[in-house]
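What follows is a single structure, written as structure tokens, with notes after it.
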Amino acid sequence: MDFTQLTAHELLEKLKSQQVTLKAIVDSLYARMQKVEPKVKAYVRGKETGDFSFDSNAGFLKGLPVTVKDNICTEGMLTECCSKILRGFHPPYDATVIKKLKENGAAIFPLKANMDEFAFGSSTENSYFGVTHNPWNLDCVPGGSSGGSAAAVASDEAIWALGSDTGGSIRQPASFCGVVGLKPTYGRVSRFGLIAFASSLDQIGPITKDVRDAAILTGIICGYDPQDSTSVNQSVPDYTKSLTGDIKGLKIGIPKEYFVDGMDLEVKAVIEEAVNKLKTLGATAQQVSLPHTEYAVPVYYIIATAEASSNLARFDGVQYGYRAQTDNLIQMYKLTRAEGFGQEAKRRIVLGTFALSHGYYDAYYLRALKVRTLIKQDFDKVFQDFDCIVTPTSPTSAFKIGERVQDPLKMYLSDIYTISVNLAGIPAISIPCGFTKNGLPVGLQIMAKPYNEEMLFRVAHTFEQNTDWHKLKPKL
Ligand code: GLN
């Protein structure tokens, strides 16, 4: 029997009542992969460990496997950020999120999910291992940078998955692939063991088939970690308790700056319909303003590249991964970086180094930090009067493979609706809310106040319970 279409919570129920064995679930996952993975290419490198442990008594998660993005450290299992420069890197420890998953009885799926190199990108085309294909249309990108995780979940090659989100890398691929993706509040999930892209923006989060699975997975990975100095010491609620199905009286803000030129008209129509749905379910919606929205992309690409240029300085051929072969030390540093980094990584190192350099620091980096505060204040103001903000996740549905590779600016604009959330440090979720005429999924983004993931789950779950979008499957 094929169990791969079921959600994790449905599988957990079946495991508990002994209607299915863990082995049967894993077997059907592999059978599914055999069929669709040659088309989708969600995973990289191939299986490393043959010994998948079938321990269905392993705590709350009963041994269910979780698919993990290639930038999250897994002890004894390659973690290469889909970059040549990390070739052969076996982390000596597990990231905190992996530790928490294991403590709760999850298994780590023995293949890692594809991603843009170091999470730089919006399409997964910047992976050293080649592109992942969108399960809804194999000619299209799955989004990025967590495109492998999202495509694996959407094509039922994964039960659920972890991604990371610096400027939209969980939500945008979730939207392109028709699945659920959540970026938690900054500081909610430990970044210990997440290979850093931009430390003040990065958060790990779930990519799942439905909102309940996202609530379960978020509850497990959240929580204080003394090993991450930006981790917040605040108790974690049981998020499944927010799945009440009731949004009566909730006040939703619709930012007018998000409905402007550049937005696909079909996407616009789908989002408007979704907002109407939320209204019929008892919420009220009103236009609001986030006046500094137009600065989000430039501010992000200064701060994110500045932090990335600094974080990537450690990859020099000495401590990790790839090392160019030469006798001269300085030459070795140079060659390793020249041969090891892909084009987008180099572009970001150059941009970020420039923004931080003497003479330009004040004009670019410092100014970007100031505007970041203004963007954050825009949100604070709206959340004084509104429970959540609803927007599209992306201005378009999935685009064709190759279409934006030669035009980095156009690629950067794919994140125009997701980036402000990271700059402000607030949580946001993307859920499936409809399709374009040519059959590509559209995602609805819901944002809330810091530490109010519960609001996201409540609204997202209510919408999901009253629509069928999350049940539709790509024909592969
Ligand atoms: N697409 C954005 C970028 O290229 C965001 C990536 C991310 O969230 N990791 O930086």
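Indexing begins at 1, ligand by ligand and atom by atom, following the structure's order.
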With atoms numbered from 1 as shown, which atoms in ligand 1 lie under 4.0 angstrom from a non-hydrogen atom of Ala119? 6 (C), 7 (C), 9 (N)

Ion pair present between Arg191 and Asp228, side-chain N to carboxylate O less than 4.0 angstrom? yes

Basic-acidic side-chain contact under 4.0 Å: Arg45, Asp70: yes

Could you go through Tyr186 and Thr230, starting from their C-alpha distance and side-chain angles, then the distance that decides it, and tell me whether this counts as side-chain contact (heavy atoms from CB on, under 4.5 Å)? CA-CA 8 Å; Tyr186 184 76; Thr230 58; 3.4 Å; yes

Provide the number and element of each atom of ligand 1 under 4.0 Å from a heavy atom of Ser145. 9 (N)

Kindly confirm or rule out an N or O of Ser164 lying under 3.5 angstrom from an N or O of ligand 1. no

Pair Asp387 + Lys449, salt bridge at N-O below 4.0 Å: no

Take Glu125 and Val141, measure what side-chain contact (heavy atoms from CB on, under 4.5 Å) needs, and give me the verdict at the end. CA-CA 8 Å; Glu125 291 169 291; Val141 301; 3.7 Å; yes

Within the 4.0 Å heavy-atom shell around Gly167, which atoms of ligand 1 are there? 5 (C), 7 (C), 8 (O)

Carboxylate-amine/guanidinium proximity below 4.0 Å for Asp362 and Arg367: no

Among Asp415, Asn422, Thr418, which residue satisfies the side-chain hydrogen bond (donor to acceptor under 3.5 Å, both in side chains) criterion with Arg171? Asn422

Are Phe457 and Leu182 side-chain neighbours, meaning at least one heavy-atom pair lies under 4.5 Å? yes

Could you list the atoms of ligand 1 found under 4.0 angstrom from a heavy atom of Asp415? 1 (N), 2 (C)

Contacting atoms of ligand 1, where contact means under 4.0 angstrom from a heavy atom of Gly121: 1 (N), 2 (C), 3 (C), 4 (O), 6 (C)

Going by the atom numbers of ligand 1, which of them fall below 4.0 Å from some non-hydrogen atom of Tyr301? 2 (C), 3 (C), 4 (O), 10 (O)

Under 3.5 Å, N or O to N or O, is Ser122 touching ligand 1 that way? yes

Would you check the N or O atoms of Gly144, main chain and side chain alike, for any that come under 3.5 Å of an N or O of ligand 1? no

Is there a nitrogen or oxygen of Arg348 sitting under 3.5 Å from a nitrogen or oxygen of ligand 1? yes

Below 4.0 angstrom, N of the basic side chain to O of the carboxylate: do Arg348 and Glu344 qualify? yes

How close does the nearest protein non-hydrogen atom get to atom 9 (N) of ligand 1, and which residue and atom is it? Ser169 OG, 2.7 Å

Say whether Ala304 and ligand 1 are in contact under the criterion: heavy-atom distance to a ligand atom below 4.0 Å. no

Distance filter under 4.0 Å to Tyr300 heavy atoms, resulting ligand 1 atoms: 2 (C), 3 (C), 5 (C), 6 (C), 10 (O)

